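Values reported hereafter were calculated over all heavy atoms of this structure, with side chains retained and with hydrogens, waters and symmetry mates removed. Residue indices begin at 1 and follow the sequence shown. Everything quoted here is computed from the prediction, not taken from an experiment.
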Amino acid sequence: MTPLGIYLIKKSVNRAMVSKRTGISQARLSQLSLNESTKLRADELYLIALAIDVDPGDLLKEVCKDLKLSKK
């Protein structure tokens, strides 16, 4: 399960509705939710946020919360 998938489950988001509103296929949404190696594009994140009525910045923070800068 990806951070996006976990977020969508916590928010009880209907993926069929998101697909319909965004034009992102249900298969792609499943990949983004389940497959850690699938890369979420910025345009997809933005459309998903709009479809579920959340701030795109908040969704980005949640999805990327584990990313850290490397120490040098």
Side-chain angles (χ1 to χ4, degrees):
M1 183 73 57
T2 66
L4 177 64
I6 293 166
Y7 183 85
L8 295 176
I9 288 171
K10 284 182 187 176
K11 293 284 190 179
S12 300
V13 171
N14 180 325
R15 284 192 230 162
M17 175 274 298
V18 172
S19 177
K20 189 173 184 176
R21 287 184 178 176
T22 63
I24 301 169
S25 72
Q26 288 189 46
R28 175 70 177 160
L29 288 172
S30 289
Q31 285 180 333
L32 291 169
S33 297
L34 300 172
N35 188 344
E36 290 284 343
S37 66
T38 302
K39 300 298 182 191
L40 174 62
R41 297 186 331 241
D43 61 324
E44 292 171 326
L45 181 138
Y46 187 78
L47 290 172
I48 292 167
L50 293 178
I52 63 175
D53 197 30
V54 298
D55 182 86
D58 292 341
L59 179 55
L60 179 63
K61 286 177 189 174
E62 184 64 28
V63 169
C64 298
K65 69 182 173 191
D66 293 332
L67 294 178
K68 304 287 184 229
L69 293 174
S70 60
K71 295 181 181 180
K72 285 202 175 193

Exercise. When hydrophobic residues are tied together by side-chain contacts of less than 4.5 Å, even through go-betweens, does Val54 share a cluster with Tyr46?
Worked result: no
Seminar exercise, completed: Heavy-atom closest pair (Glu44 atom, Lys39 atom, distance to 0.1 Å) is OE1-O, 4.1 Å
Exercise. Can you tell me how far CG of Leu29 sits from OG1 of Thr38, rounded to the nearest 0.5 angstrom?
Worked result: 11.5 Å
Exercise. Out of curiosity, Ile6 CD1 to Ser33 OG, how far, rounded to the nearest 0.5 Å?
Worked result: 10.0 Å
For this session: Rounded to the nearest 0.5 Å, what's the gap from CG on Leu4 to SG on Cys64? Could you check?
Result: 10.0 Å
Seminar exercise, completed: So OG of Ser25 and NZ of Lys20: to nearest 0.5 Å the spacing works out to 15.5 Å
Exercise. At what distance, to the nearest 0.5 angstrom, does CG of Leu32 lie from CZ of Arg41?
Worked result: 8.5 Å
For this session: Kindly say whether Asn35 contributes a backbone atom to a donor-acceptor pair with the side chain of Thr2 at under 3.5 angstrom?
Result: no
Seminar exercise, completed: When rounded to the nearest 0.5 Å, the distance separating CG of Leu50 from CZ of Arg21 is 10.5 Å
Seminar exercise, completed: When every non-hydrogen atom of Pro56 is compared with those of Ala49, the smallest separation belongs to CA-CB, 3.6 Å
Exercise. Is a side-chain N or O of Ser19 found less than 3.5 angstrom from the main chain of Arg15, in a donor-acceptor match?
Worked result: no
Problem set entry | Any donor-acceptor pair under 3.5 Å from Glu62 side chain to Leu59 backbone | no
Exercise. Any side-chain heavy-atom pair from Val18 and Ile24 closer than 4.5 angstrom?
Worked result: no
For this session: Give a yes or no on whether Asp53 atom CG has more than 12 heavy-atom contacts from other residues, nucleotides or ligands under 6.0 Å away.
Result: no
Exercise. Would Ile52 and Leu34 show up in the same hydrophobic cluster when neighbours are defined by side-chain heavy atoms closer than 4.5 Å?
Worked result: no
